[in-house]
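Below is one structure, written out as structure tokens; the observations come after it.
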Amino acid sequence: MKLLFIMRLIFILCTSFSIIALSCKPGHQYEILSDTKYEKSKETLAETEQKSPAKFLFASGNYKKNLLGQTVVKGTIANNAKIVSFKDVDIKLSFYSKTRTLLEEDHEVVYETVHPGERKNFKSKYFSPKGTDSVAMNVVSAKY
């Protein structure tokens, strides 16, 4: 009876030790894998940001009429990307009536570099169509 207990104890200890020994990896090898994995994920993030700049760039602002009857649009471009800087940002300006009917669309290219987390201001003047009540801004594309 005592011998059976000792044999079971030895079996349990050997099994536990084997599982622990096989599951441990050398620390140096883990660091190399970790660095490689980090670089790969960083490249993947950069590729994702480069493929779709409109997902990471946002345009907002306001407008007013000047004495010449022009619509002066003042806006800000925000870059929410983590890695990629964008330049030559193409913004679509949509002019709407009071009933939200699209009257006209124009494009404005802002020739600035917008770094990750940065904001850039822009200003444009247009002779907007008669009956313009509001102006919407959307980023269409950009270069990196």
Side-chain angles (χ1 to χ4, degrees), residues 5-144:
F5 176 74
I6 293 174
M7 286 176 47
R8 283 185 184 169
L9 184 62
I10 291 173
F11 176 75
I12 291 171
L13 289 174
C14 288
T15 305
S16 300
F17 179 73
S18 298
I19 290 172
I20 291 171
L22 292 175
S23 67
C24 292
K25 294 182 181 178
H28 183 68
Q29 181 183 10
Y30 180 74
E31 288 176 15
I32 293 172
L33 291 175
S34 176
D35 290 344
T36 305
K37 189 175 181 181
Y38 172 73
E39 288 299 321
K40 187 175 180 180
S41 69
K42 196 164 105 173
E43 288 173 11
T44 304
L45 179 60
E47 290 170 359
T48 302
E49 291 176 355
Q50 289 171 352
K51 287 179 186 175
S52 52
K55 289 184 180 179
F56 300 97
L57 292 171
F58 299 95
S60 62
N62 55 38
Y63 70 97
K64 67 178 182 176
K65 294 271 188 179
N66 66 9
L67 295 174
L68 299 175
Q70 294 175 313
T71 301
V72 180
V73 177
K74 291 182 180 181
T76 303
I77 302 168
N79 183 357
N80 291 338
K82 301 293 181 198
I83 297 175
V84 178
S85 296
F86 294 103
K87 63 180 182 177
D88 303 342
V89 181
D90 183 10
I91 300 170
K92 180 174 75 173
L93 299 170
S94 303
F95 298 91
Y96 291 98
S97 69
K98 286 183 182 181
T99 60
R100 300 291 296 156
T101 301
L102 179 62
L103 301 174
E104 185 179 304
E105 288 183 341
D106 264 316
H107 285 267
E108 175 72 21
V109 178
V110 179
Y111 295 102
E112 295 274 345
T113 300
V114 187
H115 299 287
E118 189 177 41
R119 295 174 179 272
K120 290 284 183 172
N121 296 324
F122 68 93
K123 180 180 176 182
S124 296
K125 295 177 184 176
Y126 292 93
F127 283 107
S128 60
K130 186 176 180 181
T132 298
D133 183 61
S134 62
V135 179
M137 299 174 216
N138 291 317
V139 174
V140 177
S141 66
K143 297 177 183 175
Y144 54 91

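What you see is a predicted model, and the numbers here were worked out from it, not measured in a lab.
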Quick one, L93 with Y63, criterion side-chain contact (heavy atoms from CB on, under 4.5 Å). Give me CA distance, side-chain angles, the key distance, then yes/no. CA-CA 11 Å; L93 299 170; Y63 70 97; over 6 Å; no
(request) Report the C-alpha distance between R119 and I77 in whole Å, list the side-chain angles of each, state the deciding distance to 0.1 Å, and finish with yes or no for side-chain contact (heavy atoms from CB on, under 4.5 Å). (result) CA-CA 5 Å; R119 295 174 179 272; I77 302 168; over 6 Å; no
Between S85 and E118, does the side-chain contact (heavy atoms from CB on, under 4.5 Å) criterion hold? Intermediate values first, please.
CA-CA 9 Å; S85 296; E118 189 177 41; over 6 Å; no
Over all heavy atoms of both residues, which pair between V84 and P116 is shortest? Give the atoms and the distance, please.
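Closest pair (atom of V84, atom of P116, distance): O-CG, 3.5 Å.
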Hey, are the side chains of [X] and [Y] touching, using non-hydrogen atoms and a 4.5 Å cut-off?
X    : Y    : answer
L102 : Y96  : yes
R100 : S134 : yes
V89  : K120 : no

How long is the span from the [atom1] atom in [X] to the [atom2] atom in [Y], to the nearest 0.5 Å?
X    : Y    : atom1 : atom2 : result
D90  : Y111 : CG    : OH    : 8.5 Å
N62  : T76  : CG    : OG1   : 8.5 Å
K125 : N66  : NZ    : CG    : 6.0 Å
H115 : K87  : NE2   : NZ    : 11.0 Å
T48  : F56  : OG1   : CZ    : 6.5 Å

Residue pair E108, Y126: steps toward the side-chain hydrogen bond (donor to acceptor under 3.5 Å, both in side chains) verdict
CA-CA 10 Å; E108 175 72 21; Y126 292 93; 2.6 Å; yes
Audit row: E105, K92, salt bridge (charged side-chain N to carboxylate O under 4.0 Å, His left out) steps and yes/no: CA-CA 7 Å; E105 288 183 341; K92 180 174 75 173; 3.7 Å; yes
Verdict with supporting geometry, V72 and K123, side-chain contact (heavy atoms from CB on, under 4.5 Å): CA-CA 7 Å; V72 180; K123 180 180 176 182; 3.8 Å; yes
Say whether, by atom type as modelled, one donor and one acceptor occur between the side chain of E49 and the main chain of A81 under 3.5 angstrom.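 No; zero donor-acceptor contacts below 3.5 Å.
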Donor-acceptor check, side chain of N138 to backbone of A54, threshold 3.5 angstrom: yes or no?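 No: the side chain of N138 does not pair with the backbone of A54.
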Item to check | Residue F58 excluded, over 12 heavy atoms near CZ under 6.0 Å | outcome: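 Yes, CZ of F58 has more than 12 neighbouring heavy atoms, counting only those of other groups under 6.0 Å.
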### Query
Only one of E104, K65, Q70 forms a side-chain contact (heavy atoms from CB on, under 4.5 Å) with S128, so which one is it?
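Looking at E104, K65, Q70, the match for S128 under the side-chain contact (heavy atoms from CB on, under 4.5 Å) is K65.
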